[in-house]
K.L.:
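Here it is: the structure, laid out below.
All values below come from the heavy atoms of this structure, side chains included, with hydrogens, waters and symmetry mates left out.
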Amino acid sequence: MSFQSIDNVTRFRGDFRPAVIAALRTVAMAGIVLTIVYCIFNFQEDLNTGNLRRIASYIEQLTFDEDPVDTFTFDAGTASSYAPFDVGVAICAGGSFRFVPPFADMEYSCRIKYTDPRLAPCGQFVYVYDLGGRGISRLNSYSLLDEITLDSDIISLSVNSSGQCAVVTNEAGYRTAVTVFGKHLKEQFKWQTSEHFAFLSALSPDGGTAAVLCLGQKDGAPNLYIRYQPTNGSECKTTVELGDMNVYDMEYLSNSRLMVVGDRGVQVFDNSGKLRGSLEIRSGTLTSCELRREGWCALAVKAEKGDSTRVFVLDESCQEMWSGDVRGAVRYMALSDDQLAFIAHDGVHRVLLPEGEEAVRAMVGMRDVLITETGSVAAVYSDRAQLVSFEAED
């Protein structure tokens, strides 16, 4: 019997599967570690014992076998301030703040004793301030994060996309002051003035400029102008004259341009004060407007004659994206990144953008309309916000 040389024997290939599995396990563990580090870095202010217990309670109670609720309840008979926030609605009324999500028995509330509370949502948290008072609080959907009491009465407050806020106050010893706070309500800049009377402001996305709307006189007539006030302490070099135009709102867009809405139309200015776009209202009366930081603007203009209202949606250059005519007045509007909602005589209207597909739901008795962060349209009544379905009824 003869045997072949061992060199001629076919060898089995090594089994590399355990090594591949080990490598994949290492990659997965690295991903988990990086995720934990990212969450700690971005949400460190939320990581406390109380919040973790509340999050655990949310997870325990949240069962998707049940349908979400379609009603966000207010305190009946109490003047309230409300805004879409997170997956639900933030409400201030009766000396308290409430966050009402679209699930039963999961709301958060805390005492905030403000006389005239107003809400300014920004991302995952919301500012609550006392208009005409001195208190400012910052909250998320399940905790009070920061609160301060100013030395002067608040005239207005605005928030930029980075979470900073600019507060206009009626300053003792001065006409007014504009103070910029970081998202933890730490003062970063303050401009006090005895020469200019400021009453509205907008903060650029990077926080480097506060556009301050001031009221003065020119040739014996009221004169409005915007000062581009640098927040690094340097002198203002840019002023935009608006004359006697009534300004209803202004906001910095995501492209760092300033959009101003007034009774004569919409104007967009760059950082040098140069006009970059405009829409003039040649006839009719502006009855409602809504601005988005992303760059969209909605207007409702009531005709001088007849019983119709023209509704516009404009982009960041004041170019018309959609328009339509509605019978009667439109006084309440809400705008998101993909839809417009408004109230007319025949109910709640929804327009999908930019397609322009329109739907109407017959409803009565609403006092406002809003769009939640999850994209649902809600009709606001004196005691609740009711989600609106635009599906055809049987």
Side-chain angles (χ1 to χ4, degrees), residues 120-123 127 155-168 176-181 183 188-191 193 196-216 218 222-281 286 288-299 312-321 333 335-337:
C122 179
Y127 284 101
I155 297 175
S156 66
L157 180 148
S158 62
V159 184
N160 70 359
S161 56
S162 301
Q164 301 166 290
C165 69
V167 184
V168 182
T176 49
V178 178
T179 308
V180 176
F181 293 94
K183 72 173 188 176
Q188 297 179 335
F189 167 78
K190 188 168 187 176
W191 173 60
T193 175
H196 309 277
F197 179 73
F199 60 93
L200 190 63
S201 66
L203 194 60
S204 63
D206 62 0
T209 304
V212 185
L213 183 63
C214 301
L215 175 64
K218 188 174 183 179
N223 179 56
L224 284 174
Y225 54 96
I226 299 173
R227 287 175 56 89
Y228 284 67
Q229 192 67 42
T231 59
N232 59 4
S234 58
E235 292 295 323
C236 171
K237 296 181 179 179
T238 305
T239 301
V240 175
E241 296 288 339
L242 300 176
D244 60 352
M245 181 176 73
N246 292 321
V247 174
Y248 300 135
D249 200 359
M250 68 179 188
E251 180 71 77
Y252 265 102
L253 309 180
S254 57
N255 60 7
S256 296
R257 291 183 176 178
L258 183 69
M259 179 173 280
V260 181
V261 180
D263 59 347
R264 297 179 184 174
V266 184
Q267 297 176 317
V268 176
F269 302 95
D270 63 17
N271 279 333
S272 65
K274 185 176 181 180
L275 185 65
R276 293 297 184 177
S278 65
L279 173 74
E280 182 182 356
I281 299 177
L286 181 66
S288 183
C289 65
E290 187 78 11
L291 289 180
R292 293 277 299 179
R293 294 190 188 98
E294 291 80 2
W296 293 13
C297 173
L299 305 173
F312 301 88
V313 178
L314 310 177
D315 65 12
E316 66 275 6
S317 300
C318 291
Q319 298 299 310
E320 183 178 308
M321 297 177 57
M333 309 178 75
L335 185 65
S336 71
D337 56 359

K.L.:
Would you say the side-chain atoms of Thr176 pair up with the backbone N or O of Ala198, donor to acceptor, closer than 3.5 Å?
P.N.:
yes

K.L.:
Out of Val240, Thr239, Thr209, which residue meets the side chain to side chain contact (heavy atoms under 4.5 Å, CB included) rule with Arg227?
P.N.:
Thr239

K.L.:
What is the distance from atom SG of Cys236 to atom CD1 of Ile226, rounded to the nearest 0.5 Å?
P.N.:
11.0 Å

K.L.:
Taking the side chain as every heavy atom from C-beta outward, state whether Phe312 and Met321 have any pair of such atoms under 4.5 Å apart.
P.N.:
no

K.L.:
Find the distance between SG (Cys165) and CD (Gln188) and round it off to the nearest 0.5 Å.
P.N.:
9.0 Å

K.L.:
Take Asp249 and Glu290 through the side-chain contact (heavy atoms from CB on, under 4.5 Å) test and state the conclusion after the steps.
P.N.:
CA-CA 8 Å; Asp249 200 359; Glu290 187 78 11; over 6 Å; no

K.L.:
Going through the distances and angles, do Asp263 and Tyr248 end up as a side-chain contact (heavy atoms from CB on, under 4.5 Å)?
P.N.:
CA-CA 7 Å; Asp263 59 347; Tyr248 300 135; 3.5 Å; yes

K.L.:
Where is the tightest heavy-atom contact between Phe199 and Cys214, given as atom of each residue plus distance?
P.N.:
CE2-C, 4.1 Å

K.L.:
How close do Ser156 and Ser201 get, heavy atom to heavy atom, and via which atoms?
P.N.:
OG-N, 4.2 Å

K.L.:
Is the shortest heavy-atom distance from the side chain of Val268 to the side chain of Arg257 under 4.5 Å?
P.N.:
yes

K.L.:
Is it the case that Asp315 and Gln319 place a side-chain donor and acceptor less than 3.5 Å from each other?
P.N.:
no

K.L.:
Which atoms form the tightest heavy-atom contact between Ala298 and Leu335, and what is the distance?
P.N.:
N-CD2, 3.9 Å

K.L.:
Less than 4.5 Å apart, side chain to side chain, heavy atoms only: is that true for Glu251 and Arg293?
P.N.:
yes

K.L.:
What verdict does the side-chain contact (heavy atoms from CB on, under 4.5 Å) test give for Val178 and Val167, after you've listed the backbone C-alpha separation in whole Å, the side-chain angles of each residue and the deciding distance to 0.1 Å?
P.N.:
CA-CA 6 Å; Val178 178; Val167 184; over 6 Å; no

K.L.:
Could you walk me through whether Arg276 and Asp270 pass salt bridge (charged side-chain N to carboxylate O under 4.0 Å, His left out), step by step?
P.N.:
CA-CA 7 Å; Arg276 293 297 184 177; Asp270 63 17; 2.8 Å; yes

K.L.:
Taking all heavy atoms of Arg292 and all of Asp337, pick out the closest pair and write down the distance.
P.N.:
NH2-N, 3.8 Å

K.L.:
For residues Val260 and Val266, determine if any side-chain heavy atom of one lies less than 4.5 Å from a side-chain heavy atom of the other.
P.N.:
no

K.L.:
OG/Ser158 to CG/Leu213 distance, rounded to the nearest 0.5 angstrom?
P.N.:
11.5 Å

K.L.:
Hey, are the side chains of Asn223 and Leu215 touching, using non-hydrogen atoms and a 4.5 Å cut-off?
P.N.:
no

K.L.:
Looking at CG of Asn160 and CG of Asp206, how far apart are the two atoms once the value is rounded to the nearest 0.5 Å?
P.N.:
8.5 Å

K.L.:
State, to 0.1 Å, how close Ala120 and Val159 come at their nearest heavy-atom pair, and which atoms those are.
P.N.:
CB-CG2, 3.7 Å

K.L.:
Going by heavy atoms in the side chains, are Glu294 and Asn255 under 4.5 Å from each other?
P.N.:
no

K.L.:
Heavy atoms only: give me the nearest Ala202-Leu258 pair and the separation to one decimal.
P.N.:
CB-CD1, 4.0 Å

K.L.:
Atom SG of Cys122 and atom NZ of Lys183: how far apart are they, to the nearest 0.5 Å?
P.N.:
9.0 Å

K.L.:
Parallel, tilted or perpendicular: which fits the ring planes of Tyr228 and Tyr252, with parallel below 30° and perpendicular above 60°?
P.N.:
perpendicular

K.L.:
Please step through side-chain contact (heavy atoms from CB on, under 4.5 Å) for the pair Ile155 and Leu200, ending with a clear verdict.
P.N.:
CA-CA 8 Å; Ile155 297 175; Leu200 190 63; over 6 Å; no

K.L.:
Could you check if a side-chain atom of Phe269 sits within less than 4.5 angstrom of a side-chain atom of Thr238, using non-hydrogen atoms only?
P.N.:
no

K.L.:
With a 4.5 Å heavy-atom cut-off, do His196 and Tyr225 have their side chains touching?
P.N.:
yes

K.L.:
Mind checking the CE-CG spacing from Met259 to Leu253? Nearest 0.5 Å is all I need.
P.N.:
5.0 Å

